[in-house]
Each structure stands twice: as C-alpha cells, then as structure tokens.
Amino acid sequence: MLEKLAALKQSFDADLAEARSGQQLSLLRDRYLGRKGGRLTLLMKGLKSVAVADRKEVGRSLNQFKARIETAMETARQRIESESIRQESARVTLDLTLPGKRRALGHLHPLTRVRRDIEEIFYSIGYSVADGPEIETTYYNFEALNIPQDHPARDQGDTFYLSESLLLRTHTSPVQIRTMERMRPPLRIICPGTVYRRDTPDATHSPVFQQVEGLAVDEHLTFRDFKGTMEYFLKAFYSEGTRVRFRPSYFGFTEPSAEVDISCTFCSGDGCRVCKRTGWIEVLGAGMVDPEVFRHVGIDSERYTGFAFGVGIERFAMIKYGVDNIQHFYQNDLRFLRQF
Ligand code: PHE
C-alpha cells in the first residue's frame, strides 16, 4: 500500500507540473480525488484490506497526501492565474513609459478673447456693458449721431439697407444713443457688438466685423479724462511701455474728435513695414461727445460733458497677435486657431 502511495505521489507531482490551466487542474482533481475512480479515493477504499496493525499509520499517510494535494492544487491555481494575467498584459503590449496622448482642449476664439480682455479692463475702472440691436433705424445709426443726410457713410454703397429707414448698423455708436435715452448721467458704458459695412473682403476689410463702443458722461468730464482713460486702456491692453498719441480727426458725434495711435508694437516706434516706417499704428477713433448728440437725447450739455470711443476688435487682435489678414479670423482653419 505504501509503495502504491509513493508511486501515486510521484505521478501526481509530474501531472501537476504539467497543468497549465484551470481546466487541466480540475481534471487533475478528478483524476486523484474523484468520488468514483479517483486514484487516491481508490487507495483509501483499499484501506480496509490493510492489516489492522498498519491501518492507522497508512491511513495517516493517505490523509496527509490528500491534504498535500489540496494545497498543491491551490498554489498551482494561483500560479496559473497570475501567469495568465502576465501573458495577457504582454499580449496587449502596454508600455507604461510611453508619453501620454495630449487631447486637444477647445479654447476661446482669439476675437472672443480680445473682446473679453477689453471688457475686463473697462470693468476694472467702473464701466458696465450695454447692448443694442444689430438692425437699426437710420435715426439711431445716423441722425441722432449728427451724421448728416449727405454724409458718404449713408451711401447705399457703404451701408446695408433693409428698407428706406432700416439698416444693419454700421457701428456700435447707436447704442450710445439708446443708452442715454434710457439712463441719466453719470454713465460709463461699453458696448461690444457686430457691425456691417458694404466692404469687399480683403486683408483688412470684412463686411461683418466687431466693435466695442465706449461712452462716459458726467459733470466736469474733460479732454484730460478722455486722454487719461485712453492711455490707461491702451497700456493695459497692449503693454505698459506703449506710447499713445492723439491726432485731430472728424466724427459727426464728437467734437473735438481724435484718431488715436499707439507706438508700433512690432518695432517699438523705430519704424518698420507694419507701421509703414512711421513708428505709429492707428488703433481707434474717439472724441468729446458733441452737444448736438446730447440735444437729441435730452441731456443738458451745459451741465454734462462726455467722451466716446470706438474700437475695432479684429484690428486690436491683428495688432496684438501679429495677424496680417483679417480673413484668418473667419476661416476657422485649426492651424490658425491652435496658435492662440
Ligand atoms: N463709430 C465710429 C466708427 O465706427 C468710431 C467712433 C466711436 C468714433 C465713438 C468716435 C467716437 O468709425
């Protein structure tokens, strides 16, 4: 009996060494421990025929072997399991040292960014945002702004008319009028928005573009306040080192009017191709509110003064980011947009 057991142990060890899967293990279990025909089970059944004197000893050996089979099978099960995990991960060739894939996150369009930057600067000095319609009447777009009937801006060739008296606003200045009709001074507002002009698209023109209009009305506002505000704004937007200059100009709704230039952001004023060797770049139109405009909205021009300015968002973005063609902003070529 003990010899048979020794042989059985040997063949079990050999069989176990060959088991490669959970399925083979359970076959192995059947082969040795199966209730009917298991090789160890059969030996145990034969215990009856062992001499009584030896029976206890042999029985213990059989039981020990049975316990050994159980633990050996459990160990083998764990080995097979971790082996299969190892093989699986080798198969998918997961290289944890590879650099990660960067997923592109969306971000703001450069024009939105510039608009928000401008808004932030004016929020910080007490301005709030006003809004108005893009379809305007000739009254708000021209008359109330003191732009006379025969002014070229009113020409069919420059303005999109929807009817005799309705048009797509050519600037955000009508929002000045609408705001002053609604609210009494002191006023400090900016109005960002889309405007329309019958321009043929080229590197610097687009029939649809965006402006930010600004307006301040209060007692004792002077040309100095106007200049100081423009300087503060332009330095905050471009850079602290930016120099600002005012040139006389003409707008129906401001008097005096100015065109405002900054020192060229590309050559710092030395003269380059962008500033046409002048060292200066024109950035906005502005001026002190014409008393005639106040008359239209019923504000006493003896008591109140004000200033207004108009910024082209595309123009600001082109100067700030060195973009040489306004059309880039509308074509939404990802190679362009990703640079911002
Ligand atoms: N509305 C003018 C334009 O579109 C800009 C401007 C605004 C000028 C306010 C002076 C004051 O050209």
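Read the numbers this way: they start at 1 and go in the same order the structure lists the ligands and their atoms.
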**Prompt:** So, Phe329 versus Phe336, ring centres under 6.0 angstrom or not?
**Reply:** yes
**Fill in**
If you compare Phe253, Phe251, Phe307 by their heavy atoms, the one closest to atom 11 (C) of ligand 1 turns out to be Phe253
**Request:** Compute the ring centroids of His296 and Tyr140, then answer whether they are less than 6.0 Å apart.
**Result:** no
**Prompt:** Looking at Phe309, which atoms of ligand 1 are within less than 4.0 Å of one of its heavy atoms?
**Reply:** 7 (C), 9 (C), 11 (C)
**Prompt:** Any side-chain heavy atom of Pro201 sitting closer than 4.5 Å to one from Pro207?
**Reply:** yes
**Prompt:** Does ligand 1 have an atom under 4.0 Å from some heavy atom of Arg197?
**Reply:** yes
**Approximate separation, where rounding is to 0.5 Å, of Glu164 CD and Thr138 OG1** = 8.0 Å
**Aromatic centroids of Phe233 and Phe316 separated by under 6.0 Å** = yes
**Item:** ligand 1 atoms in contact with Gly310 (distance to a heavy atom under 4.0 Å)
**Value:** 5 (C), 6 (C), 7 (C), 9 (C)
**Item:** Cation-aromatic face contact Arg247/Trp280, 6.0 Å, 45 degrees
**Value:** no
**Message:** Looking only at the aromatic ring of each residue, does the gap between the centers of Phe309 and Phe122 stay below 6.0 angstrom?
**Reply:** yes
**Prompt:** Atom CG of Leu187 and atom CG of Asp218: how far apart are they, to the nearest 0.5 Å?
**Reply:** 8.5 Å
**Item:** Any N/O pair Gln176/ligand 1 closer than 3.5 Å
**Value:** no
**Asked** What are the atoms of ligand 1, with element, lying closer than 4.0 Å to any heavy atom of Ala286?
**Response** 8 (C), 10 (C), 11 (C)
**Message:** Suppose I only count heavy atoms of Ala308 and a 4.0 Å limit; which atoms of ligand 1 are within that range?
**Reply:** 9 (C), 11 (C)
**Item:** Thr170 N/O under 3.5 Å from ligand 1 N/O
**Value:** no
**Prompt:** With backbone taken as N, CA, C and O and side chain as the heavy atoms from C-beta onward, which portion of Ser173 lies under 4.0 Å from ligand 1: side chain, backbone, both, or neither?
**Reply:** side chain
**Asked** Which atoms from ligand 1 have a heavy atom of Gln211 less than 4.0 Å away?
**Response** 3 (C), 4 (O)
**Item:** Heteroatom distance test (Thr254, ligand 1): nitrogen or oxygen, under 3.5 angstrom
**Value:** no
